[in-house]
Amino acid sequence: NNMTGQASCAPASPGYYVDTNGSTAQTPCDAGTFNPNSSSNSSVDCLDTPAGNYSGAGASSPTLCSPGTWQNQTGQSICIDSNPGHYASGFGNTNETQCGLGTWTDQTGQASCAPASPGYYVDTNGSTSQTPCLAGTHNPNSGSSNVSACTDASPGYYVDQSGQSSQTPCPAGTYNNNTGSDTSADCLSADPGYYVAFQASTSQTPCQLGYFQPSSGEDECIQAQPGHFVDSLASTSQTPCSPGSYQPNYAEDSCYTAGV
């Protein structure tokens with residue numbers, strides 16, 4: 001007791017001890033130890049913190065390591081941050097755990113690992129990074145653990161960058177009948193006399209009778225004009241009605257004979 005005029009002395013508080021007579025102060029238990037009892041008269045009453053716990057000086061009880069930290073030794077004043085590629089979930093961890101397949105972290109002190117992002121995969125335990133799917137492939141899912149999750153671009157599509165979650169359709173006017181395309185150059189322009197009406201097409205379509213197309217890369221064909229006709233598939237031009245014949249309509253494949 002450090003007060004004057006006292007009729008009695010105070011017992012040592014939990015977390016402390018007094019090992020001398022006539023003491024005016026109590027001594028705290030060292031960091032890494034604790035003492036739940038009062039009136040202790042020796043440092044031997046200060047107990048080592050168990051694994052998975054820590055304490056500061058003067059602790060009456062140990063403190064559980066928080067999520068993201070661990071401690072496998074007794075009598076410790078701190079807990080250890082989990083390393084990159086590892087995690088420590090919950091309280092009171094005595095060790096860290098490797099990130100499993102399909103998960104990763106490049107940070108310290110993590111309570112969990114992140115799933116592999118769409119467009120990526122993680123095929124090793126304890127990983128600090130994720131691996132991108134190559135150009136020409138894509139992966140719409142998260143948490144993938146194998147390169148087989150990276151799917152080849154479908155015919156009519158391409159993937160021109162790595163780490164992609166989706167494939168890009170070839171635009172209308174173009175087509176692509178290959179799998180695993182990694183460039184938009186694989187989307188071929190429709191030939192003259194042909195058209196591609198929709199995106200993501202795998203083939204071109206010939207202009208029908210009564211229609212033509214002189215240009216490449218088009219998404220529709222042109223109607224034959226009045227006075228003209230188109231009588232073959234995949235035509236690049238229309239043919240004028242010959243003298244003695246006529247055609248008043250659009251998109252016809254023949255002309256009428258005059259006077260008939």
Sidechain-backbone polar pair: [X] side chain, [Y] backbone, donor-acceptor under 3.5 Å:
X: Glu96; Y: Asn83; value: yes
X: Thr49; Y: Gly75; value: yes
X: Thr69; Y: Ser66; value: yes
X: Glu218; Y: Pro192; value: no

side-chain hydrogen bond (donor to acceptor under 3.5 Å, both in side chains) partners for Ser89, two or more places apart:
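Partners of Ser89 by the side-chain hydrogen bond (donor to acceptor under 3.5 Å, both in side chains) criterion come out as none, since no residue qualifies.
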Given side chains that start at C-beta, do those of [X] and [Y] come closer than 4.5 Å, heavy atoms only?
X: Cys241; Y: Gln247; value: yes
X: Pro67; Y: Phe91; value: yes
X: Gln199; Y: Pro171; value: no
X: Pro118; Y: Ser142; value: yes
X: Cys207; Y: Phe212; value: no

Heavy-atom neighbours of Tyr121 OH exceed 12 at 6.0 Å:
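Result for OH/Tyr121: enclosed.
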Check whether the side chains of [X] and [Y] place a donor and an acceptor atom closer than 3.5 Å, and report yes or no.
X: Gln130; Y: Ser117; result: yes
X: Asn35; Y: Ser40; result: yes
X: Gln167; Y: Ser154; result: yes

Rounded to the nearest 0.5 Å, what's the gap from OG on Ser242 to CZ on Phe229? Could you check?
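Interatomic distance, Ser242 OG to Phe229 CZ, rounded to 0.5 Å: 7.0 Å.
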